[in-house]
K.L.:
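Before anything else, here's the structure in question.
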Amino acid sequence: MTTGIETFEFQVEARQLLQLMIHSIYSNKDVFLRELISNASDALDKLRLESLRDGNLEADTSDLHIAIEVDKEQRTLTVRDNGIGMSHEEVVQLIGTIANSGTAKFLQELKESKDAAASQDLIGQFGVGFYSSFMVADGVTLLTRRAGESQGTRWESSGEGTYTIAPADDAPQGTAVTLRLKPEDTEDALYDYASPWKIREIVKRYSDFITWPIRMAVEAAPKAAVEDTDNGESADDAAGDAAPEVETVNSMKALWARSKDEVTDDEYHEFYKHISHDWNNPLETIRMQAEGTFEYQSLLFIPSHAPQDLYMRDRKRGVQLYVKRVFIMDDCEALMPEYLRFVKGVVDAADLSLNVSREALQQDRQIQLMRRRLVKKVLSTVKDLMADAPERYTTFWKEFGGVLKEGLLGDFENRETILDLCSFATTRDAEEPTTLRQYVERMKEGQEHIYFMTGESRSIVESSPHMEAFRDKGFEVLVLTDPIDELWVDAVPEFDGKPLRSIAKGQVDLDTDGEKDEEAEAERERQKQDFADLLSWMTATLSDSVKEVRLSSRLTTSPACIVGDTHDVTPALQNIYKAMGQELPEVKRILELNPTHPLVSGLRTAHGERKDDAGLAETAELLHGMALLAEGGELTDPARFIKLVAGRLEKTL
């Protein structure tokens with residue numbers, strides 16, 4: 001059904017975003033054309049894929065290409081493709097509603113960024129490259145018709161307050177974006193984009209590798225001004241009447257198919273930006289070629305910054321699948337595991353079906369073989385960074401370390417390799433992280449375990465009572481603060497023959513890691529006997545909250561702490577499952593007492609003298625609450641705890 005012209009207002013955030021992009025974001029305005037060509041290339045890829053999947057699709061795929069048209073007199077520039085196109089609904093969703101849920105966050109981060117590089121990174125992450133057109137144009141018109149549909153749509157805006165959407169009966173298949181160019185202003189790096197030579201220069205620099213032909217009309221070369229003796233017409237006149245020639249201005253050579261010596265780093269970087277829509281250069285480029293019974297080529301990239309959607313459920317992994325240079329699918333999940341979802345690039349296979357489905361790929365033996373080799377190549381590349389380029393490895397770990405550790409949960413084949421690539425904060429040095437291998441090399445003589453503690457932050461872990469004896473005796477402890485750490489430490493039992501041990505779980509006896517101290521052992525036995533009655537009474541008194549009250553060997557200054565049994569689920573892990581909608585059974589934990597603390601020894605004496613004193617039960621309750629708060633936990637009844645504390649303070653006045 002045909003409808004009339006609809007006028008919409010940009011929301012305040014969208015207007016701010018456009019103004020920022022137009023006036024203050026880009027130092028190099030040439031990139032607008034790269035974005036438009038990249039979008040056109042994607043549209044052609046999608047049409048090729050759709051036509052393979054749907055044999056009934058009424059679409060012309062005989063001459064898929066991108067056309068660039070320049071009108072010097074009208075000062076317009078058009079980028080046209082005959083790809084998949086967009087329906088009216090898609091125009092509204094993808095083009096008309098720039099003020100989506102991510103815009104506010106984008107604006108906030110944009111204002112907080114201090115340099116142009118960071119700003120361009122944000123642009124790429126939020127996928128608003130189309131709007132870079134307004135840097136060079138006073139107005140933009142988008143004419144589009146989705147393949148297989150009869151009705152087209154026209155979208156227009158000056159980038160100010162409003163935009164219009166209207167039906168277009170004359171729209172050809174695909175999308176055409178026409179810019180009404182601003183006057184040239186070289187001082188503002190605004191060049192003459194109605195000049196064919198400038199357009200050719202930009203295409204060669206940014207889009208030469210596009211696998212579709214990019215065509216452009218070029219003026220015929222002028223001929224010498226000689227007289228034609230047969231008809232009296234000069235060669236200049238003949239040249240003036242000659243129609244412009246249309247030529248393909250990009251080489252269309254797939255970078256992954258070219259010799260490594262033929263491709264520059266700049267070309268790799270531009271290709272990465274094309275497939276990832278990232279505005280930064282990649283951290284690392286990975287080439288791979290397999291020959292023999294099963295041939296394929298791959299060109300992969302490790303980004304230098306984590307994308308905004310890295311931890312979102314609807315994220316895309318970013319590896320494209322080609323078969324004999326023909327694009328098959330974007331976001332091919334079968335080629336790269338979830339924990340390497342940040343890797344971008346292409347894989348070009350020689351022997352797969354052109355109409356293979358995602359479901360079939362999951363079971364395809366060749367795909368599985370490719371996946372195994374690609375994973376090992378990516379991990380070996382990170383290992384090389386670790387050994388040969390520590391600064392770049394540090395950048396990698398800062399951006400993607402939390403994601404890589406997810407592989408410890410499911411990739412059993414590469415678990416040891418991943419463990420070797422991990423870096424962890426440690427109590428040894430507040431600034432310098434450590435690998436597990438470095439930790440093992442520094443272990444005290446006779447030490448049997450790799451000690452760690454999980455927590456929300458380093459400050460919480462370091463101030464925890466659990467850390468006291470380890471700090472006092474000089475044992476190094478790994479400080480694990482990523483949410484994923486709560487999961488993988490239970491899945492990985494040991495490294496290099498050394499068991500991993502949480503200092504907040506189970507019994508801790510640091511003397512077992514060195515020589516036995518017989519005097520200390522005898523003292524502990526005496527304490528167990530002296531405190532036996534108190535421990536039994538407190539276990540019964542606090543039975544609703546704890547499973548046991550016992551003496552601690554991990555405390556030196558605090559009166560008490562809460563610990564879990566060796567195989568108990570931690571409170572943090574319970575919260576993670578709860579956030580995912582999975583409620584776990586309640587786990588009662590253990591209250592450990594420091595027998596040398598005056599509060600604990602005083603409670604033992606008071607309990608021995610007046611077992612029936614109701615105030616002693618309140619003291620036990622306060623001890624438990626203090627231990628919970630000390631580890632950053634939550635009280636079950638904060639109001640009652642405050643009342644008890646206030647009552648005790650009142651008696652001291």
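Here, residue 1 is the first one in the sequence, and each next residue gets the next number.
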K.L.:
Do any N or O atoms from the side chain of S380 and from the backbone of K377 form a donor-acceptor pair under 3.5 angstrom?
P.N.:
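Side chain of S380 to backbone of K377, a donor-acceptor pair under 3.5 Å: yes, one is there.
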
K.L.:
Using every non-hydrogen atom in the two residues, find where P282 and F301 come nearest and quote the distance to one decimal.
P.N.:
CG-CD2, 3.8 Å

K.L.:
Tell me whether K528 at atom NZ has more than 12 heavy atoms from other residues, nucleotides or ligands lying less than 6.0 Å away.
P.N.:
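Open: at most 12 neighbouring heavy atoms sit under 6.0 Å from NZ of K528.
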
K.L.:
So, D530 and R604, do they make that salt bridge, N to O below 4.0 Å?
P.N.:
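Salt bridge between D530 and R604, a charged N being under 4.0 Å from a carboxylate O: no.
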
K.L.:
What's the shortest heavy-atom distance between E486 and T454, and which atoms?
P.N.:
OE2-OG1, 2.8 Å

K.L.:
Do you know which two heavy atoms are closest between V375 and P337, and how far apart they sit?
P.N.:
CG2-CD, 3.4 Å

K.L.:
Identify whether the distance between the nearest side-chain nitrogen and carboxylate oxygen of D420 and K383 falls below 4.0 Å.
P.N.:
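Salt bridge flag = no for K383 with D420.
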
K.L.:
I need the L480 CG to L478 CG distance, nearest 0.5 Å.
P.N.:
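One finds 5.5 Å between CG of L480 and CG of L478.
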
K.L.:
Looking at Q438 and T435, would you say the former's side chain and the latter's main chain have a donor-acceptor pair under 3.5 Å?
P.N.:
yes

K.L.:
Run the numbers on V563 and C561 for side chain to side chain contact (heavy atoms under 4.5 Å, CB included), then give the verdict.
P.N.:
CA-CA 7 Å; V563 301; C561 68; 3.9 Å; yes

K.L.:
Is a side-chain donor or acceptor of D388 paired with a backbone partner of L385 at a separation under 3.5 angstrom?
P.N.:
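Here the side-chain-to-backbone pair does not exist.
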
K.L.:
If you count the non-hydrogen atoms of other residues, nucleotides and ligands that lie under 6.0 Å from CZ in R372, is the total more than 12?
P.N.:
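Not buried by this count: 12 neighbours or fewer within 6.0 Å.
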
K.L.:
Check this for me: does any side-chain nitrogen of one of K505 and D565 sit under 4.0 Å from a carboxylate oxygen of the other?
P.N.:
no

K.L.:
Is any side-chain heavy atom of H597 closer than 4.5 Å to one of S558?
P.N.:
no

K.L.:
Looking at K498 and E494, does any basic side-chain N land under 4.0 Å from a carboxylate oxygen?
P.N.:
no

K.L.:
Quick check: do Q527 and T596 have side-chain heavy atoms less than 4.5 Å from each other?
P.N.:
yes

K.L.:
Do the non-hydrogen side-chain atoms of L542 and H624 ever get within less than 4.5 Å of each other?
P.N.:
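Heavy-atom side-chain distance check passes, below 4.5 Å.
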
K.L.:
In plain terms, say whether E548 and R589 are close enough for a salt bridge, that is, a side-chain N and a carboxylate O under 4.0 Å apart.
P.N.:
no

K.L.:
With rounding to the nearest 0.5 Å, note down the distance linking CD in E413 to CD1 in I418.
P.N.:
10.0 Å

K.L.:
Can you tell if the side chain of T566 reaches within under 4.5 Å of the side chain of Q507, non-hydrogen atoms only?
P.N.:
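The answer is no; the side chains never approach within 4.5 Å.
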
K.L.:
Say whether, by atom type as modelled, one donor and one acceptor occur between the side chain of H607 and the main chain of G602 under 3.5 angstrom.
P.N.:
no

K.L.:
Under a 4.0 Å N-O cut-off, is there an ion pair linking K588 with D544?
P.N.:
no

K.L.:
Please tell me if the side chains of P595 and L551 come closer than 4.5 Å, counting only heavy atoms from C-beta onward.
P.N.:
yes

K.L.:
How far apart are the closest heavy atoms of C422 and L408, and which atoms are they?
P.N.:
SG-CD1, 4.4 Å

K.L.:
Looking at Y311, is R341 sitting on its ring face, NZ or CZ under 6.0 Å from the six-membered ring centre and within 45 degrees of the normal?
P.N.:
yes

K.L.:
What is the ring orientation for F400 with F342, classed by angle as parallel under 30°, tilted 30 to 60°, or perpendicular over 60°?
P.N.:
parallel

K.L.:
For R442, enumerate each residue passing the salt bridge (charged side-chain N to carboxylate O under 4.0 Å, His left out) test, keeping only those at least two apart in sequence or located in another chain.
P.N.:
E476

K.L.:
Verify whether the ring centers belonging to F452 and Y439 lie closer than 6.0 Å.
P.N.:
no

K.L.:
Could you go step by step and tell me if S464 and E631 meet the side-chain hydrogen bond (donor to acceptor under 3.5 Å, both in side chains) rule?
P.N.:
CA-CA 6 Å; S464 168; E631 72 164 6; over 6 Å; no

K.L.:
As an exercise, state the distance from CG of L622 to CZ of R640, rounded to the nearest 0.5 Å.
P.N.:
8.5 Å

K.L.:
If we ignore hydrogens and angles and just use 3.5 Å, is the side chain of S423 paired with the main-chain N or O of P433 as donor and acceptor?
P.N.:
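No, because the side chain of S423 does not come within donor-acceptor range (under 3.5 Å) of the backbone of P433.
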
K.L.:
Is the cationic atom of K444 (NZ for Lys, CZ for Arg) positioned less than 6.0 Å from the six-membered ring centroid of F475 and within 45 degrees of its normal?
P.N.:
yes

K.L.:
Check this for me, if you would: do R554 and E592 make a salt bridge, where the nitrogen-to-carboxylate-oxygen distance has to be below 4.0 angstrom?
P.N.:
yes

K.L.:
Output yes when E618 and R648 qualify as a salt bridge under the 4.0 Å nitrogen-oxygen rule, no when they do not.
P.N.:
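Salt bridge between E618 and R648, a charged N being under 4.0 Å from a carboxylate O: yes.
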
K.L.:
Please walk me through it: do L421 and L379 pass side chain to side chain contact (heavy atoms under 4.5 Å, CB included)?
P.N.:
CA-CA 8 Å; L421 297 177; L379 295 180; 3.9 Å; yes

K.L.:
Nearest 0.5 Å, what's the CZ-CG distance between R550 and L591?
P.N.:
10.0 Å

K.L.:
Are the side chain of D485 and the backbone N or O of T481 linked by a donor-acceptor pair below 3.5 Å?
P.N.:
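Present.
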
K.L.:
Flag the pair L374 / L300 as yes when at least one side-chain heavy-atom distance between them is below 4.5 Å, and no otherwise.
P.N.:
yes

K.L.:
Without swapping roles, check the side chain of S276 against the backbone of Y272 for a donor-acceptor pair under 3.5 Å.
P.N.:
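At least one qualifying donor-acceptor pair exists.
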
K.L.:
Determine whether P499 and E448 make a side-chain contact, defined as any pair of heavy atoms from C-beta on separated by less than 4.5 Å.
P.N.:
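No, side chains not in contact.
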
K.L.:
Quick check for you: to the nearest 0.5 Å, what is the distance between I302 atom CD1 and L283 atom CG?
P.N.:
6.5 Å

K.L.:
Are any of the side-chain heavy atoms of L404 and L340 separated by less than 4.5 Å?
P.N.:
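L404 vs L340: side chains touch.
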
K.L.:
Using side chain to side chain contact (heavy atoms under 4.5 Å, CB included), reason through L623 and L603 one step at a time and then give a plain yes or no.
P.N.:
CA-CA 10 Å; L623 263 175; L603 180 59; 3.8 Å; yes

K.L.:
I'd like to know if R610 and D613 make a salt bridge, using a cut-off of under 4.0 Å between side-chain N and carboxylate O.
P.N.:
yes

K.L.:
For the pair W397 and F424, name the ring-plane relationship: parallel under 30°, tilted 30 to 60°, perpendicular over 60°.
P.N.:
perpendicular

K.L.:
Over all heavy atoms of both residues, which pair between R458 and A425 is shortest? Give the atoms and the distance, please.
P.N.:
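Scanning both residues, the minimum pair turns out to be NH1-CB, 3.4 Å.
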
K.L.:
Out of curiosity, L487 CG to E406 CD, how far, rounded to the nearest 0.5 Å?
P.N.:
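Reported value, rounded in 0.5 Å steps: 9.0 Å.
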
K.L.:
Is a side-chain donor or acceptor of S304 paired with a backbone partner of N281 at a separation under 3.5 angstrom?
P.N.:
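Judged by distance alone, yes, a pair lies under 3.5 Å.
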
K.L.:
Checking D309 side chain against M312 main chain: does a donor-acceptor pair fall under 3.5 Å?
P.N.:
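Between the backbone of M312 and the side chain of D309 there is no qualifying donor-acceptor contact (under 3.5 Å).
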
K.L.:
Minimum heavy-atom separation for P493 and R415, please, with both atom names.
P.N.:
CD-NH1, 4.3 Å

K.L.:
Any chance you could lay out the side chain to side chain contact (heavy atoms under 4.5 Å, CB included) test for K344 and V319, step after step, and finish with the verdict?
P.N.:
CA-CA 5 Å; K344 308 294 183 185; V319 175; over 6 Å; no

K.L.:
Considering residues, nucleotides and ligands other than R428, do more than 12 of their heavy atoms fall under 6.0 Å from its CZ?
P.N.:
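Incorrect, the count does not exceed 12.
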
